[in-house]
Amino acid sequence: MAEANSSSNSKFDFKHIESKWKSFWEKEKIYTADLKKKEIYSVDTPPPTVSGAMHIGHTFSYSQQDFIARFQRMFLEGKDGSVFYPFGTDDNGLPTERLIEKTKNLKSKDMSREEFIDLCLKSLKEILPDFIQAWKDLGISCDYNVYYSTIDDNSRKISQKSFLDLYKLKEIYKKEFPTIWCPECQTSIAQAELEDKEEKSLFSTLKFSCGNKDLLIATTRPELLGACVAVFVHPADKKYKNVVGKIAKVPLFDYEVPIIADTSADPDKGTGALMVCSYGDKYDVDAINRYKLVPKIIFDKSGRVNFGEYKGLKVKEARKKILEDLKKENLIVEQKEINHTVNVHDKCGTPIEFATTEQWFIKILDKKRKLIEQGNKIKWYPEFMHKRYDNWVNGLEWDWNISRERHFGVPIPVWECKKCGEVILAEEKELPVDPLQIKKKCPKCKSETKPEEKVLDTWATSSLTPQITSSLIKDKVVVPYSLRPQGHDIIRTWAFYTIVKSYLHSKTIPWKDIAISGNVSLGGEKMSKSKGNVIDPKIIMNKYGADATRFWAAGSKLGNDLDYQEKDLIAGTKMINKLINASKFVFMNLKDYNPKNKPHKLEKIDELFLDKLNILVKECTESFKGYEYSKVKLDVEKFFWSDFCDNYLEIVKKRVYQGEGNAKLSAQFTLYNSLLTILKLIAPIMPFITEEIYQEYFRKNEKEKSIHISSWPEADKKESANHIKILEKLYSIISQVRQEKSLNKKAMNVEIVLTLPKEDYEEIKSVLEDLKNVSNAKAIREGKKFEVEFL
RNA sequence: GGGCCUAUAAGCUAGAGGCUAAACUGACUCGUUUACACCGAGUAUUCAGCGGUUCGAUUCCGCUUAGGCCCACCA
């Protein structure tokens, strides 16, 4: 390494160094947890979706969690502790389904669920090594041998067992419920699959009647007139004061519905009165639920009207026909064209409907208070993220719908008796099971059963990541884990559901701490593929290497977004270079040094310097424990550059070049130990270069085979405020001298005679020789004021 | 519409109820040869606006403005 970088200006060959240590770490199993240890720091690693490649948000957040894992690994070393840091991928959702469909050029629905899952697992095997390589390249210190996919046999088994257990605990129920439905694809879809679309629409004001008076209601969905079950007005709306509680007649269809006062009606929208239909939108679903109204379902699952003269018409055809009929009957008062956004299915662009289907739910509404309590038991980093969780829980309105009418996913492991309706659960030894593949008879009436066709919501499985990773190590680590690192966009899903599951299964919190990472933005905007403002981390890694990339990721506080700028990577490369050169210098001067030889007494300045380093160690340890890696980065960078390189190295140069005996030994001792300490402090952030330097120079004297399993520096307790004052004074005088030289356009190594005011002179008396050395002063005198005399 | 976050130098970010408000990148000036020009020293520029609390606020509180994120709505 030293050769590669000396005299010539050739760049530091990070690629060579990175690949060398990557394979070393893997071979030596540096990241494997020793589960026999007493204290295990366990990480509930977020499983990325295998959807192509790592993106910059991953680079950012995984680096940040890795700083913590690496710190804990070193911190627990020698304290009878170890770090459990598994790795998984999330492959049971739509993105994976699409990826496989695309790469294999087929449709999941053309094959059985089992076949598709098999294909998926097979394809994963092909794609995975390359995909995971990006995490290894970044130096993410997971134990990649403790691996899971959320669609593999074991995960499916655990997910299905969770379902069965909760069903037996009566926490799961089945109910007919209107869910978001795509009439085109004929499946229920998740909220996450919705897209907004601007559409032109006719906003028609229709004549309802109440008694013998007209009651005007504006709507964009006249085709739902036949599904109207109530009229809402705002309780404070004077216009409608005397119709509340009465009955309204629906135009054209001539049936009656109640008029209800509800604060959700906006007096300023349309006419202030609105019709509640089954089902126009989510609002209707909610309204009908709250008032326990009886829904009138007028569309079938293919989106066609199912009754009367409109039977068979699709939504848009029915709308047209009904508007014509309304016009004929003179029931339209006003009509205007408006632009509004409608929810469409992102796959086909069809406006969604709501269809009532049988769905499975986990009861959560009855546990809101408990779930808030669970959230309070967890430490949130940063603290304000806790509020997002509370807000979400407090705002919950529905139980958790865990069933999806998708083909691909973890099957719901039940059958239902065709005759008596009995629900037959899979047996534990059958798991993982696809009910479609097995025929069962009803144990009660011996009739035929039909398998449940739906699959579980992906969150129903990924909310079990702690249990899944536990199972991989024979449950030697169980909830609560030490840490869940994740992004803030999925607090309401992944974090929330994991808390739910841990509570339901074991009445515990899933982890003691949760650390939330921010996003990477570009020019203040969130990066996204659709905007096209995406930075590919591969390019950064190629150009600057893993350490510089990680150093960049350490630049903003946990939970804060960071605006990406390429030049911020430069700081990391400079840091690497400086570390290399400083180490080179140190070891050039340690050729005749044996670490076993301790100086019988430290020189004053060495003692002062080590005191300051001691404070740094103390601060960094606290910072890391509190997930403030960015403070560590800042503090170490500053100390290393300014204290160590610019000042201390300059101060001891003469002593190590020309000194002898104890004075020299003291300097060598200090250089060796302070450099090693600095390397250890920054090792969690820059694992490659610190390992390189450790192996190159320190390994022969130090017992641990890798810096990453060497023990974290201990700070001793001594208070040394006075020492720090002397040191700071010395720095300030050095700086003043440099300033004088600079102002007078002299070289830094020009020889001077220095005069110091009495107080200053007295204060730094103990390190006068050092000041002479570093400022190249022939003499230092005591006088009235600060003065530099050039010779 | 609701919630949350942010506003500090040209840029990206630290920070603290009073001390000289900080690091890095960039700019400018000067220097350099026994670790480093991917260097060293120096210079310039700064707390979004308005109110309040306080002896004192850039820091705490409120409002305004701007930006971001999440959620809801879109009859």
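Every chain is numbered from 1, with letters handed out A, B, ... down the list of sequences. Excluded from the calculations below are hydrogen atoms, water molecules and symmetry mates; all remaining heavy atoms, backbone and side chain alike, are included. Just so it is clear, the structure is predicted and the values come from calculations on it, not from any experiment.
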Practice task
Using the P atom as the reference point in each nucleotide, state the distance between B/C5 and B/C60 in Å, no decimals.
Solution key: 12 Å
Problem - Pairs flagged by salt bridge (charged side-chain N to carboxylate O under 4.0 Å, His left out) wherever residues 379-393 of chain A is involved - sequence neighbours left out - result: none
Exercise for the section: Flag the pair A/E728 and A/K612 as a salt bridge only when some basic side-chain nitrogen lies within less than 4.0 angstrom of an acidic carboxylate oxygen. Expected result: yes
Exercise for the section: Write out all pairs satisfying side chain to side chain donor-acceptor pair (under 3.5 Å) with one or both partners inside residues 215-230 of chain A, taking only residues at least two apart or from two chains. Expected result: A/R221-A/E223, A/R221-A/E353, A/E223-A/R319
Fill in the blank from the handout: Taking for A/E650 and for A/W392 the nucleotide of RNA chain B with the nearest heavy atom, the one nearer the 5' end belongs to A/E650
Fill in the blank from the handout: Taken in chain and number order and not counting sequence neighbours, the residues that satisfy ring pair (Phe, Tyr, Trp, His ring centres under 6.0 Å) with A/H55 are A/H58
Handout entry: Counterpart residues, ring pair (Phe, Tyr, Trp, His ring centres under 6.0 Å), relative to A/Y593 (two or more places apart)
Key = A/Y672
Exercise for the section: Write out the stems for RNA chain B, ordered by first number and formatted as range with range, counting runs of at least 3 consecutive Watson-Crick or G-U wobble pairs under 3.5 Å. Expected result: B:1-7 with B:65-71, B:27-31 with B:39-43, B:48-52 with B:60-64
Fill in the blank from the handout: Whole-Å distance, A/D635 CG to B/A22 C1', equals 12 Å
Exercise for the section: Starting from C1' on B/G1, measure out to OH on A/Y283 and report it in whole angstrom. Expected result: 14 Å
Handout entry: Nearest-neighbour nucleotide for the A/Q565 side chain, B/U13, B/U34, B/G11 considered
Key = B/G11
Completion exercise
Sorted by position of nearest nucleotide on RNA chain B, 5' first, the leading residue of A/L649 and A/F232 is A/L649
Practice task
Just call it for A/S521: base, sugar-phosphate, or nothing, with non-hydrogen atoms closer than 4.0 Å on any strand.
Solution key: nothing
Exercise for the section: Under the side-chain hydrogen bond (donor to acceptor under 3.5 Å, both in side chains) rule, collect the residues that match up with A/W494, sequence neighbours excluded. Expected result: none
Completion exercise
Residue set satisfying side-chain hydrogen bond (donor to acceptor under 3.5 Å, both in side chains) with A/E628, at least two apart, ordered chain then number -> none
Practice task
Examine the side chains of A/Y291 and A/D262 and answer whether a donor and an acceptor come within less than 3.5 Å of each other.
Solution key: yes
Exercise for the section: Please determine if a side-chain N or O atom of A/K653 lies less than 4.0 Å away from the OP1 or OP2 oxygen of B/A35. Expected result: yes
Exercise for the section: To the nearest Å, give me how far apart CD1 (A/I693) and C1' (B/C36) are. Expected result: 13 Å
Handout entry: Whole-angstrom distance between B/A23 and B/U8, as gauged at atom C1'
Key = 13 Å
Practice task
Would you indicate which nucleotide in B/U25, B/C74, B/C71 comes nearest to any side-chain atom of A/K567?
Solution key: B/U25
Exercise for the section: Identify whether any heavy atom of A/A571 sits under 4.0 Å from a base atom; if not, whether one sits that close to sugar-phosphate; answer base, sugar-phosphate or nothing. Expected result: sugar-phosphate
Practice task
Verify the stacking flag for A/Y657 against B/U34: centroid separation must be under 5.5 angstrom and the ring planes must differ by under 30 degrees.
Solution key: yes
Handout entry: Exceeds 12 heavy-atom contacts within 6.0 angstrom, atom NZ of A/K368
Key = yes
Expected rows: protein N/O vs nucleotides 40-45 of chain B N/O, under 3.5 Å:
from	atom 1	to	atom 2	distance (Å)
B/G40	OP1	A/K578	NZ	3.2
B/G40	OP1	A/W641	NE1	2.6
B/A41	OP1	A/D646	OD2	3.4
B/A41	O2'	A/R738	O	3.3
B/G42	OP1	A/S735	OG	3.3

Exercise for the section: Can you sort out the partners of A/Y564 under side-chain hydrogen bond (donor to acceptor under 3.5 Å, both in side chains), two or more places apart, ordered by chain and number? Expected result: none
Practice task
Check whether any side-chain N or O of A/Y389 sits under 4.0 Å from OP1 or OP2 of B/C71, and answer yes or no.
Solution key: no
Exercise for the section: Check every strand shown and say whether A/F587 touches a base, only sugar-phosphate, or nothing at a heavy-atom separation below 4.0 Å. Expected result: nothing
Exercise for the section: Using atom OH of A/Y564 as one end and atom P of B/C12 as the other, report the distance to the nearest whole Å. Expected result: 14 Å
Handout entry: Which nucleotide in B/A35, B/U13, B/U29 has an atom nearest any side-chain atom of A/D563
Key = B/U13
Practice task
State whether A/F644 and A/K578 meet the cation-pi test: NZ (Lys) or CZ (Arg) under 6.0 Å from the six-membered ring centroid, and within 45° of the perpendicular axis.
Solution key: no
Problem - Gap in Å between the two P atoms, one belonging to B/A16 and one to B/A22, rounded - result: 14 Å
Practice task
Taking only the side-chain heavy atoms of A/D561 (C-beta and beyond), determine which of B/G68, B/C24, B/C30 contains the nearest atom.
Solution key: B/G68
Practice task
Please examine the side chains of A/L224 and A/Y279, heavy atoms only from C-beta on, and report whether any two atoms are closer than 4.5 Å.
Solution key: no
Completion exercise
Which of B/C4, B/C12, B/C36 is nearest the side chain of A/N581? It is B/C36
Handout entry: Candidate pair A/F587 and A/F698, rule ring pair (Phe, Tyr, Trp, His ring centres under 6.0 Å), full reasoning
Key = CA-CA 10 Å; A/F587 281 92; A/F698 289 97; 4.9 Å; yes
Problem - C1' gap between B/G49 and B/A14, integer Å - result: 24 Å
Handout entry: Spacing of the P atoms in B/G1 and B/A44 (rounded, Å)
Key = 47 Å
Practice task
Assign A/D284 to base, sugar-phosphate, or nothing according to its heavy-atom contacts below 4.0 angstrom with the strands shown.
Solution key: nothing
Practice task
Just compare B/A75, B/C24, B/A35 and give me whichever is closest to any side-chain atom of A/K584.
Solution key: B/A35
Heteroatom pairs (N/O) under 3.5 angstrom, protein to nucleotides 14-20 of chain B:
from	atom 1	to	atom 2	distance (Å)
B/A14	OP1	A/K557	N	2.9
B/G15	OP2	A/K557	NZ	3.2

Problem - Nearest listed nucleotide, side chain of A/N577, among B/C12, B/A35, B/C38 - result: B/C38
Fill in the blank from the handout: Side-chain atoms of A/K638 come closest, of B/U13, B/A75, B/A23, to B/A23
Handout entry: Closest listed nucleotide, where the reference is the side chain of A/K574 and the choices are B/G26, B/C74, B/U34
Key = B/G26
Exercise answer: donor-acceptor pairs, residues 732-739 of chain A side-chain atoms, under 3.5 Å, sequence neighbours excluded:
from	atom 1	to	atom 2	distance (Å)
A/R738	NH2	A/D646	O	3.1

Problem - Atom C1', compared across B/G51 and B/U65: separation rounded to whole Å - result: 14 Å
Exercise for the section: Answer with base, sugar-phosphate or nothing: what part of the nucleic acid does A/D281 contact at a heavy-atom distance below 4.0 Å? Expected result: sugar-phosphate
Handout entry: Length of the CZ-P vector between A/F585 and B/C39, whole Å
Key = 17 Å
Problem - Nearest-Å distance once atom P is located in both B/G56 and B/C19 - result: 14 Å
Practice task
Would you mind reading off the distance between A/I570 atom CD1 and B/A23 atom P, rounded to a whole angstrom?
Solution key: 19 Å
Problem - Spacing of A/I576 atom CD1 relative to B/C39 atom P, expressed in whole Å - result: 13 Å
Handout entry: Qualifying residues under ring pair (Phe, Tyr, Trp, His ring centres under 6.0 Å), relative to A/Y240, sequence neighbours excluded
Key = none
Handout entry: B/A41 to B/U33 separation - P atoms, rounded to the nearest Å
Key = 16 Å
Fill in the blank from the handout: Ranking B/G31, B/C74, B/A35 by distance to the side chain of A/K269, first place goes to B/C74
